[in-house]
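Here is the structure we will look at, set down as structure tokens.
Chain letters run A, B, ... following the sequence lines, proteins first, then strands; residues in each count from 1.
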Amino acid sequence: MLDIRLIRDTPDQVKQRLANRSGDFASLVDEVQSIDTQRRAAETERQKLQGDRNRISKEIGIAKKNGQDTSAIEAEVRVIGSRIEEIGREADVADARQRDLLLSIPNLPHEDCPVGSTAEENPEVRVWGEKPAYDFQPKDHTVLGAALRMLDFEAGVKISGSAFVVYRGAGAKLERALISFLLDLHTTQHGYEEISPPLLVKSECLVGTGQLPKFGDQVYHSAADDLYLIPTAEVPVTNLHRDEILPLEKLPVNYAAYTPCFRREAGSAGLGTRGLIRMHQFDKVELVKITTPETSMAELESLTANAEKVLQLLGLHYRVIELCTGDIGFGSSKTYDIEVWAPGQGTYLEVSSCSTFGDYQARRMNLRYKDENGKNRIPHTLNGSGTALARLFVALVETYQQADGSILIPEALRGHFGAEKIG
RNA sequence: GGUGAGGUGGCUGAGUGGUCGAAAGCACAUCUUUGCUAAAGAUGCGUAGCCUUAACAGCUACCGAGGGUUCGAAUCCCUCCCUCACCGCCA
């Protein structure tokens, strides 16, 4: 969430920067401001009264020790007590309301973030490789997957409904090989620590990373236990340090985690019509960093480079775009998307979204670090997919398909897959 | 799931209704002294909020969480959570 002091001191600047996002947040900022004023007035009054009560209660203790009658003075404190209760309720209500409001206001886009209103205005940052040429009509991964008995969409529907899939045979093995290839790359070449977190988390975690309270309809929830299925490993992994004060030496923190991800995709158009591209459950290797504010922008570049390395090693053509202010996520202050080319689709597919959240998530989860002067400061959090598996699977299979319907395994993956081709 | 024990500051640990935000020790920081790969002493050393300031200071809250009793709660009562041990069940 945003720093209330920033809103208090420079409300117009805050509103101006939020105005570049999609959605209107000016009225929320106004409301936070007026609640904050009320809250502080009530808080000040409460604290003054509490001080009075503490002082007089001490006097009662002393008087009683001296054997004096204290009934009059006790009655006086009783009046103060009921007043404290009254004003305290006001303060608590205002405090809760203020927190709710702050949790509903998105992060400020970074100064570097290109201004724009829709995805069409996202600038292309760079392109790697080029679209492969085929002397035959490249097939869609659903066709290839069915022919090679790798993907069974009917079985997914039978077991769990639309937008679920069963990987089988070489498909299941390819998925597994990709996971271990990605984890090995990031842990041995890029310096990340591997994390295997719980897939069910408490609501506090989702508040911490920003999915709650606004996007509760997008996550699966087990009401009986009040636990949520993670929509991304970002949630449990970033929250590893919720409510902690990290020593400076521990920064930057670099974590890589493979997990399945679960998304309800409520309101998404085209669910279930395009093979693996948008599923309720998909695998992903996520990269998470916690850094000092001074280094976060450089770390965003290296995080993005780490994710790009995956596609480079697999020889997949991709481009990097930067999201404009109208398209970045709720908690993000700057985001790069990596889109891989899928020949069978004839489109680019987003396989990674690399963002810095500035101190936005850290403030929500009360995460801090001690700086060189021993002062508590708020670190920056970053994350990016390194990469999403289902779409990577699509790009890989479609890119390396051969005229005879078989699929070549790129060299970098052969050690993990244990064969040179499928089919 | 059952029974028992317990949750106090970075750690250990005292504190069962009244100057307790909390003794003591350890760790840590600064300073002093002696000197040499260490010792002694002094001082300081939690988090958040409010109010202020050039800066300091001051006030309030926090002893697992929430509620209750009371003029006053770390301390008494209730509910919940967690940890440990043993038992049961189980991949």
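Ring-plane geometry between A/Phe330 and A/Tyr360 is classed as perpendicular, the angle between the planes exceeding 60 degrees on a 0 to 90 degree scale with a lower cut at 30. Using the six-membered ring where Trp is involved, A/His190 and A/His186 have ring planes that are tilted, between 30° and 60° apart. Between A/Tyr255 and A/His241, the ring planes are parallel. Angles under 30° get that label, and only those over 60° would be called perpendicular.
Here B/A73 presents its P atom at 11 Å from CD1 of A/Ile60, a figure rounded to the nearest Å. Taking atom CD1 of A/Ile56 as the reference point, atom P of B/U70 lies 18 Å away to the nearest angstrom. Atom C1' of nucleotide B/G18 and atom CD1 of A/Ile62 are separated by 9 Å, given to the nearest angstrom. Look at CG on A/Asp226: it is 13 Å from C1' on B/C81, rounded to the nearest Å. Between the CZ atom of A/Arg78 and the C1' atom of B/U69 there is a distance of 13 Å, rounded to whole Å. The nearest whole Å value for the distance from the CG atom in A/Leu246 to the C1' atom in B/G10 is 14 Å. Rounded to an integer number of Å, the gap from A/Glu85 CD to B/G67 P is 11 Å. Taking atom NZ of A/Lys375 as the reference point, atom C1' of B/A29 lies 16 Å away to the nearest angstrom.
Distance noted for atom C1' between B/U19 and B/C71: 15 Å (whole Å). Across B/A29 and B/C82, the matching P atoms stand 38 Å from one another, rounded to whole Å. B/A14 sits 6 Å from B/A23 when the C1' atoms are compared, rounded to a whole Å. With both ends at atom C1', the span from B/G13 to B/A24 equals 8 Å, rounded to whole Å. B/A91 and B/U83 have their C1' atoms separated by 24 Å, given to the nearest Å. For the C1' atoms, the distance from B/C63 to B/U47 is 13 Å, rounded to whole Å. Going from the P atom of B/U43 to that of B/A38 covers 26 Å, rounded to whole Å. The separation of B/U69 from B/C78, taken at their P atoms, amounts to 15 Å, rounded to a whole angstrom.
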Inset, instruction - Treat primed atoms plus P, OP1 and OP2 as sugar-phosphate and everything else as base, then score nucleotides 47-62 of chain B 5' to 3': B for base contact with protein heavy atoms under 4.0 Å, S for sugar-phosphate contact only, - for none. - result: SSBBS-------BBS-
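The side-chain heavy atoms of A/Phe417 and A/Leu174, taken from C-beta on, include a pair separated by under 4.5 Å. Here the side chains of A/Val219 and A/Arg263 are not in contact, with every heavy-atom distance at 4.5 Å or above.
Each of A/Arg5, A/Arg99, A/Arg8 was evaluated against A/Asp36; a single residue qualifies, A/Arg8, per the salt bridge (Lys or Arg N to Asp or Glu O under 4.0 Å) test.
Shown here for A/Ile56 and A/Glu76, the closest heavy-atom pair between the two residues is CD1-OE2, 3.7 Å.
Inspection of the A/Asn376 and A/Tyr369 side chains reveals no N or O donor paired with an N or O acceptor under 3.5 Å. No hydrogens or angles considered: nothing links the side chains of A/Thr209 and A/Glu234 as a donor-acceptor pair under 3.5 Å.
Between A/Glu43 and A/Lys48, none of the side-chain N atoms (NZ, or NE/NH1/NH2) sits under 4.0 Å from a carboxylate O, so this pair counts as no salt bridge.
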Legend entry - Dot-bracket summary - RNA chain B, pairs being Watson-Crick or G-U whose distances fall under 3.5 Å, with | when paired to another strand: ((((((((.[[[..)..(.....]]].((((((.....)))))).(((((.......))))).[[[[[..)....]]]]])))))))....
